[in-house]
Amino acid sequence: DVKVTQSSRYLVKRTGEKVFLECVQDMDHENMFWYRQDPGLGLRLIYFSYDVKMKEKGDIPEGYSVSREKKERFSLILESASTNQTSMYLCASRLRGRLNYGYTFGSGTRLTVV
Amino acid sequence: AQSVTQLDSHVSVSEGTPVLLRCNYSSSYSPSLFWYVQHPNKGLQLLLKYTSAATLVKGINGFEAEFKKSETSFHLTKPSAHMSDAAEYFCVVSVRGFKTIFGAGTRLFVKA
């Protein structure tokens, strides 16, 4: 069964901490995405990556960075966590050039910053 | 530009009755359209997709959707709701070369 795995389901971090959210896919997908989901705001794209070592800003990149050193792994980094980054974070992947296949999502990481 | 509007933020049905979740889209090009389902504290799961083949698309768990170009709609239906269908549903539009757009979501409640 193909999978996108997010390393943590729930995380609690302190304000100012550097936070790493990890996402691994086993489908050999080139494209990977990080979204955050908040009530009333829907899904908002933070960053995406077309391939290894490539990254593009999404709609809300401020306060975040990403790393894609290997094809299967896409990491989201909160440089200095703040309470307004408390959210559900969703990782997704997709085969390049295959918009009609849709995304495969991970189970999400619910991050609370205190 | 692309956009997607889910016409109801909440829908409540009784178990065993039909489900209708409404989605309208706007696109200057031929879109791919998707419905995803999200159960509480879970990721999104693909229910079904339209990709310019058959206009009536069947998905998992008895759901189906009909692409109506003249009405720019892609409504999701199911003949008989089950308690396990209670979840949030997202309509999504993708066009090559443009950003994928997610609808705001429709929360489905199923009453016993």
Side-chain angles (χ1 to χ4, degrees), chain A residues 1-11 21 23-25 27 29 31-50 56-61 74 87-112, chain B residues 1-10 23 25 27 29-55 57-60 63 65 67 74 76 87-107:
Chain A
D1 196 16
V2 294
K3 235 182 234 185
V4 175
T5 303
Q6 294 183 233
S7 55
S8 305
R9 291 299 306 279
Y10 300 94
L11 273 181
L21 302 184
C23 175
V24 177
Q25 51 96 3
M27 296 166 286
H29 285 176
N31 297 355
M32 296 187 74
F33 306 81
W34 276 107
Y35 287 89
R36 66 176 281 178
Q37 183 180 24
D38 300 286
L41 297 176
L43 273 75
R44 293 180 291 168
L45 182 63
I46 306 171
Y47 266 97
F48 61 101
S49 169
Y50 285 123
E56 296 283 342
K57 293 180 180 179
D59 298 318
I60 52 163
F74 191 35
S87 186
M88 172 72 124
Y89 290 87
L90 293 166
C91 176
S93 72
R94 186 176 66 194
L95 201 59
R96 180 168 57 197
R98 293 287 188 263
L99 265 68
N100 56 340
Y101 284 18
Y103 291 106
T104 302
F105 280 89
S107 296
T109 296
R110 187 166 291 282
L111 173 67
T112 302
Chain B
Q2 282 62 240
S3 68
V4 59
T5 303
Q6 293 185 239
L7 298 167
D8 306 290
S9 59
H10 298 86
C23 173
Y25 72 93
S27 178
Y29 303 93
S30 296
S32 293
L33 295 162
F34 307 84
W35 277 99
Y36 288 84
V37 60
Q38 184 181 33
H39 291 278
N41 292 311
K42 296 286 180 66
L44 278 69
Q45 180 187 13
L46 182 65
L47 265 183
L48 52 77
K49 59 187 178 184
Y50 165 76
T51 57
S52 77
T55 56
V57 182
K58 294 187 185 300
I60 61 172
F63 284 93
F67 173 71
F74 190 57
L76 182 70
E88 189 154 22
Y89 293 79
F90 293 91
C91 183
V92 178
V93 59
S94 286
V95 175
R96 187 172 300 280
F98 295 89
K99 188 176 71 173
T100 294
I101 306 295
F102 286 78
T106 298
R107 186 164 294 279

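The structure displayed is predicted, hence computed values, not measured ones. Proteins come first, then strands; the chains are lettered A, B, ... in the order of their sequence lines, and each starts at number 1.
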Check your understanding: How many angstroms lie between atom NZ of K42(B) and atom CZ of R9(A), to the nearest 0.5 angstrom?
Key ->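 One gets 6.5 Å once the value is rounded to the nearest 0.5 Å.
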Practice item. Calculate, to the nearest 0.5 Å, the distance between atoms OG1 and OH belonging to T100(B) and Y35(A) respectively. Key: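 These two atoms lie 5.5 Å from each other.
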Exercise for review: Please list, chain by chain and in numerical order, all residues satisfying ring-ring contact (aromatic ring centres under 6.0 Å, His included) with Y89(B), sequence neighbours excluded.
Suggested key: F63(B)
Point to revise | Qualifying residues under ring-ring contact (aromatic ring centres under 6.0 Å, His included), relative to Y29(B), sequence neighbours excluded | key: F98(B)
Check your understanding: Counting heavy-atom pairs under 4.5 Å to chain B, which of L43(A), L45(A), L90(A) comes out on top?
Key ->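 Winner by heavy-atom pair count: L43(A).
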Review point. Of the listed residues (R110(A), Q37(A), Q6(A)), which shares the most heavy-atom pairs with chain B below a 4.5 Å separation?
Key: Q37(A)
Pick one of side chain, backbone, both or neither for [X], based on which atoms fall under 4.5 Å of a heavy atom in chain A.
X      : answer
L44(B) : both
K49(B) : side chain
Y36(B) : side chain

Exercise for review: Take the angle between the ring planes of Y103(A) and F102(B) and call it parallel below 30°, perpendicular above 60°, tilted in between.
Suggested key: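 Geometry flag for F102(B) against Y103(A): parallel rings.
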Check your understanding: Most heavy-atom pairs under 4.5 angstrom with chain A, which of E88(B), H39(B), Q45(B), Q38(B)?
Key -> Q38(B)
**Study point:** Heavy-atom contact with chain B under 4.5 Å, split by part of Y10(A)
**Key:**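 Just its side chain gets close to chain B.
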